[in-house]
Amino acid sequence: MFLDESFVIGAFELGIVVTSPPWYENCYLVRHKPSGEQVIVDPGGDPGRIVETARERTGVLKEILLTHGHPDHIGGTRKVQDAFGIGCRAHVDEEAVISRAGGFAAALGIQAFEGPKDCGYFEGEPEMTLGGVPFRVLHTPGHTPGGVCFLFDGFALTGDTLFNHGVGRTDFPGGDARQLSLSITRLLDSVPEGTLLFSGHGPHWAAGEAKRWWRSMI
């Protein structure tokens, strides 16, 4: 199996595939252990590794979820979709970012890739389920207009909204530093201190530590 790390948190198994340099992006495979139902979050690169890992985990792969549409988070989406015949979902405010990701990749000097196909766009903050267990979508604009975090019981996937002792960039098109600050405050107010926060790049940390750090920054 090509997992770089794996965690069991409550009813869920969280697998991490760290993609190749220069981005070292964290792709997450979230599996509901009792049912085997799973989702892939942000397949940004190395789709072959992600596909093989998902195939080795028992259960049904439901869909791909995207925290946002930057190339380092969606670059492998199309190939994973083709391998499993699954759709993807993202916030409606991220549609323009995703549709322009190829051009943005070229501007950053990233190898060309096919963008997601048949991507479904949701509005607001719908409640989603995995294995019948609900989890929360939190709209966290700032790094991008339609950035979201996925909040499960005991852990959260924060994309590029919040890193371990760091925050997402706001100098890319659609970025907004004030919005990002408000989003981080709302995110940290939405989770208990014991929640583990897993970001788009770098190591995880506990929400309690994140809250203390954030209070010292604002």
Please check if any side-chain donor atom of S183 sits under 3.5 Å from a side-chain acceptor atom of T140, or the reverse. no

More than 12 heavy atoms from other groups under 6.0 Å of CZ on R100: no

Do you know which two heavy atoms are closest between A207 and P192, and how far apart they sit? CB-O, 3.3 Å

What about H91 and F122, are their ring centers closer than 6.0 Å? yes

State whether the number of non-hydrogen atoms from other residues, nucleotides or ligands found under 6.0 Å of K211 atom NZ is greater than 12. yes

Step by step, would you call R78 with D118 a salt bridge (charged side-chain N to carboxylate O under 4.0 Å, His left out)? CA-CA 10 Å; R78 172 65 73 93; D118 303 326; over 6 Å; no

Got K62 and M128 here, is their nearest side-chain heavy-atom distance under 4.5 Å? no

Cluster question for you: counting only ILVMFWY and a side-chain heavy-atom cut-off of under 4.5 Å, with indirect links fine, are M217 and L187 together? yes

Kindly indicate, with the supporting measurements, whether the criterion side-chain contact (heavy atoms from CB on, under 4.5 Å) is fulfilled by L197 and H204. CA-CA 5 Å; L197 306 179; H204 69 281; 5.9 Å; no

List in chain and number order the residues that pass ring pair (Phe, Tyr, Trp, His ring centres under 6.0 Å) with H32, two or more places apart in sequence or in another chain; answer none if no residue qualifies. F12

Verify the neighbour count for atom CG of D176: are there more than 12 heavy atoms of other residues, nucleotides or ligands below 6.0 Å? yes

Quick check: do V148 and L138 have side-chain heavy atoms less than 4.5 Å from each other? no

When you measure from the side chain of S99 to the backbone of E95, do you find a donor-acceptor pair of N or O atoms at a distance under 3.5 Å? yes

Which heavy atom of G76 sits nearest to which heavy atom of P47, and what is that distance? O-CB, 3.8 Å

Checking D72, N164, N26 against H201 for side chain to side chain donor-acceptor pair (under 3.5 Å), the one that qualifies is D72

Applying a strict under-4.5 Å side-chain criterion to I, L, V, M, F, W and Y, I'd like to know whether F150 and W205 cluster together. no

d(F172 CZ, H70 NE2) to nearest 0.5 Å is 6.0 Å

Going by side chain to side chain donor-acceptor pair (under 3.5 Å), T144 matches just one of E94, R169, Q179. Which one? E94

Without swapping roles, check the side chain of Q38 against the backbone of L61 for a donor-acceptor pair under 3.5 Å. no

In short, salt bridge (charged side-chain N to carboxylate O under 4.0 Å, His left out) pairs touching residues 81-91 with sequence neighbours left out are E63-R89, D82-K117

Quick check for you: to the nearest 0.5 Å, what is the distance between F84 atom CZ and I64 atom CD1? 9.0 Å

Looking only at heavy atoms, what is the nearest atom pair of V30 and L130, with distance? O-CD2, 3.5 Å

Please answer whether the main-chain N or O of G168 pairs with a side-chain N or O of D160 as donor and acceptor at a distance below 3.5 Å. no

Any link between L196 and V18 through a network of hydrophobic side chains (Ile, Leu, Val, Met, Phe, Trp, Tyr) touching at under 4.5 Å? yes

Do V8 and K33 have side-chain heavy atoms sitting under 4.5 Å apart? yes

Is there a chain of hydrophobic side chains (I, L, V, M, F, W, Y, each step under 4.5 Å between heavy atoms) that links F163 to Y28? no

Side-chain contact, heavy-atom cut-off 4.5 Å: S190 with R136? yes

P43 and L66, any side-chain heavy atoms less than 4.5 Å apart: yes

Could you tell me whether K79 and D46 have a side-chain N and a carboxylate O separated by less than 4.0 Å? no

Under a 3.5 Å distance rule, please check whether H139 uses its side chain to pair with a backbone N or O of P145 as donor and acceptor. yes

Just wondering, do T77 and Q81 contact through their side chains at under 4.5 Å, heavy atoms? yes

Gap between atom OG of S199 and atom NE2 of H165 - 0.5 Å precision: 12.0 Å

V41 with V17, same ILVMFWY side-chain cluster at under 4.5 Å: no

Report the C-alpha separation of F152 and V133 in whole Å, then their side-chain angles, then the decisive distance to 0.1 Å, and conclude whether the side-chain contact (heavy atoms from CB on, under 4.5 Å) test is met. CA-CA 9 Å; F152 294 80; V133 178; over 6 Å; no

Take I218 and W214 through the test side-chain contact (heavy atoms from CB on, under 4.5 Å) and record every step on the way to the result. CA-CA 6 Å; I218 58 176; W214 185 240; 3.4 Å; yes

Show the numbers, then the answer: is there a side-chain contact (heavy atoms from CB on, under 4.5 Å) between I74 and D42? CA-CA 6 Å; I74 71 169; D42 289 358; 5.7 Å; no

Check this for me: does any side-chain nitrogen of one of E13 and R31 sit under 4.0 Å from a carboxylate oxygen of the other? yes

Tell me whether R57 is salt-bridged to E37, with the criterion being a basic N under 4.0 Å from an acidic carboxylate O. no

Identify the two heavy atoms, one from V137 and one from P126, that lie closest to each other, and give their separation to 0.1 Å. CG2-O, 3.3 Å

Within this structure, what is the CG-CD1 distance for the pair L29 and I16, rounded to the nearest 0.5 Å? 10.0 Å

Rounded to the nearest 0.5 angstrom, the CG-CZ distance for L151 and F135 is 10.0 Å

Main-chain N/O of A177 paired with S181 side-chain donor or acceptor, under 3.5 Å: no

Within a strict 4.5 Å, meaning less than it, do heavy atoms of the F155 and L14 side chains meet? yes

Note: P116 and C119 closest approach over all heavy atoms is CB-CB, 4.5 Å

Search all heavy atoms of L162 against all heavy atoms of A210 and return the closest pair with its distance. CD2-CB, 4.4 Å

For the CD atom of E52 and the CG atom of L3, what is their distance to the nearest 0.5 Å? 12.5 Å

Aromatic contact, F198 with F7 (centres under 6.0 Å): yes

